[in-house]
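To start, the structure under review is shown below, and the notes come after it.
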Amino acid sequence: MKRQFTILFLCAALFAKAQINQAFYHGIVANVSYDTVLYNLQKLQAFGIKQPGTAALTNTKNWLIGKYQQYGYSNIVSDNFTYGANTLTNIVVTKTGDLYPNTFLIVDGHYDTKTGTGTNDNGSGVAIILEIARLLANVNTQFSIKFINFSAEESGLIGSDDYVTNISTPQNLDIRLVFNIDEVGGVAGQTNNTVSCESDQSAPTANNAVSALFTDTLAQATAVYSGLSTIITNAYGSDYVPFQQAGEIITGFYETNESTYVHGSGDNLAHLDTSYVVEIAKASTGAALFLARAYDVYTATRIEAQKHSLNVYPNPFRDQITIENTSDEIYTYIIYGIDGKKICSQQISPATQSLSNMADLSAGFYILNVMDERGGVLERMKLIKNK
Ligand SMILES: [Zn+2]
């Protein structure tokens, strides 16, 4: 089973290579905000030392949940676990994909700290994840995304280990990739022009080649969407490790100039490089868009299929619409409002028809996209609902 998946992923990674550089993605990455990143770093620093059992950790948790709510997310889960005398919380925010709702890109970074305020380790990663979540909130993606802020990383990967042991493994969660962002602040006063892209170089080794491919994709996205150079390094010592040990595919960002202040009282804004964090936010946003297969509902490239044959009727419609697949291929159709928000989606098998009940929708224009199994758009048409 695992081996078959590996081959599929290899094909997908190769097939997709040319599409990393997309104007639609550049338009979104251009909205990465220096001021927002700086504000969030200041805020995370001001909460103080975020060790298990501290009010600072709880206040940070509540602030993060409020942030995701403010950005428009509604699927926000506090996954609680016990560590010593304390109940701690992993924050899990899910954004559902249009085409592969049960396959997840995990973008994660821990929000607890050691003996300092942890503005670099890992305020930098958390501020970047917030920025990705802010910018992707209203973007359609084919794959689902989970933004996860783990707790008790500094105590020994306790939060991520709990998540893998008690949630993702028992639920058999279909994880496309774990993209971990931890300690990416750089060093004030140094030239911070390179980021380390981390690949799985440890046992179990079954997924190492696929991790190397995704890490290469991460490096390519960094070149396209930021001004940073990249080096490939070994992934170790952060929240991707429990996933890696469970056989999942991982990658990550880590600062190349390593701060000597992390885990101490000097881990603050004065000792990191905010511009470097912003560049990594750009690289991360571009990479997340590509890895989750974000797409523009209106301008998704139509591809030619040899045998595709679909009938959609009636149009204009009133209460229901029939979509008939007379081909021998599996298609998925998605209906969007004119604001780009998904209304419904349905997979449609060869030689069958699907009836969508549209009675509850208000009159007006809608968009129907029909996609093949790779997510290529076969048909796009305007639907009109009459009163
Ligand atoms: Zn860290």
Side-chain angles (χ1 to χ4, degrees), residues 37 40-54 56-57 60-61 63-64 81 83 86 88-92 106-132 146-164 178-188 192 195-200 202 215 218 233-245 250-269 271-274 276-277 280-281 283-284:
V37 170
N40 288 337
L41 286 172
Q42 288 168 333
K43 199 80 189 171
L44 287 160
Q45 178 164 302
F47 281 118
I49 301 170
K50 295 169 269 293
Q51 290 177 345
T54 59
L57 186 61
T60 305
K61 175 192 76 173
W63 178 76
L64 284 169
F81 60 96
Y83 176 61
N86 299 304
L88 302 179
T89 305
N90 296 325
I91 304 164
V92 182
I106 291 180
V107 183
D108 75 283
H110 71 90
Y111 70 98
D112 63 303
T113 70
K114 208 158 185 175
T115 53
T117 59
T119 313
N120 183 349
D121 183 11
N122 183 35
S124 60
V126 172
I128 288 169
I129 292 167
L130 283 176
E131 197 63 351
I132 302 170
K146 283 186 186 291
F147 300 102
I148 307 183
N149 295 126
F150 288 116
S151 193
E153 191 267 357
E154 300 291 4
S155 307
L157 316 179
I158 308 296
S160 50
D161 188 60
D162 181 87
Y163 183 80
V164 170
V178 176
F179 174 21
N180 183 73
I181 307 173
D182 188 3
E183 197 186 324
V184 287
V187 181
N192 301 292
V195 62
S196 300
C197 303
E198 303 173 288
S199 73
D200 179 1
S202 308
T215 304
L218 183 61
T233 59
N234 179 29
Y236 72 98
S238 189
D239 286 317
Y240 41 34
V241 169
F243 291 95
Q244 186 272 340
Q245 289 176 347
I250 64 160
T251 194
F253 270 147
Y254 181 59
E255 62 191 7
T256 301
N257 290 337
E258 290 185 37
S259 172
T260 55
Y261 294 99
V262 294
H263 298 167
S265 59
D267 184 2
N268 54 41
L269 266 171
H271 291 132
L272 59 73
D273 180 348
T274 303
Y276 180 66
V277 180
I280 295 177
S284 303

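For ligands, and for the atoms within them, numbers begin at 1 and follow the listed sequence.
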| Name of the His110 N, O or S atom nearest the Zn ion (ligand 1)? | NE2
| remark: Partner of Asp267 under side chain to side chain contact (heavy atoms under 4.5 Å, CB included), picked from Ile49, Thr119, Thr113, is Thr119
| query | So, Asn122 versus Glu183: side-chain donor-acceptor pair below 3.5 Å or not? | reply | no
| query | By atom name, which N, O or S atom belonging to Asp121 lies closest to the Zn ion (ligand 1)? | reply | OD1
| Of all N/O/S atoms in Asp182, which lies nearest to the Zn ion (ligand 1)? | OD1
| Heavy-atom side-chain contact between Asp108 and Val178 under 4.5 Å | yes
| said: Is it the case that the ring center of Phe253 lies less than 6.0 angstrom away from the ring center of Phe179? | reply: yes
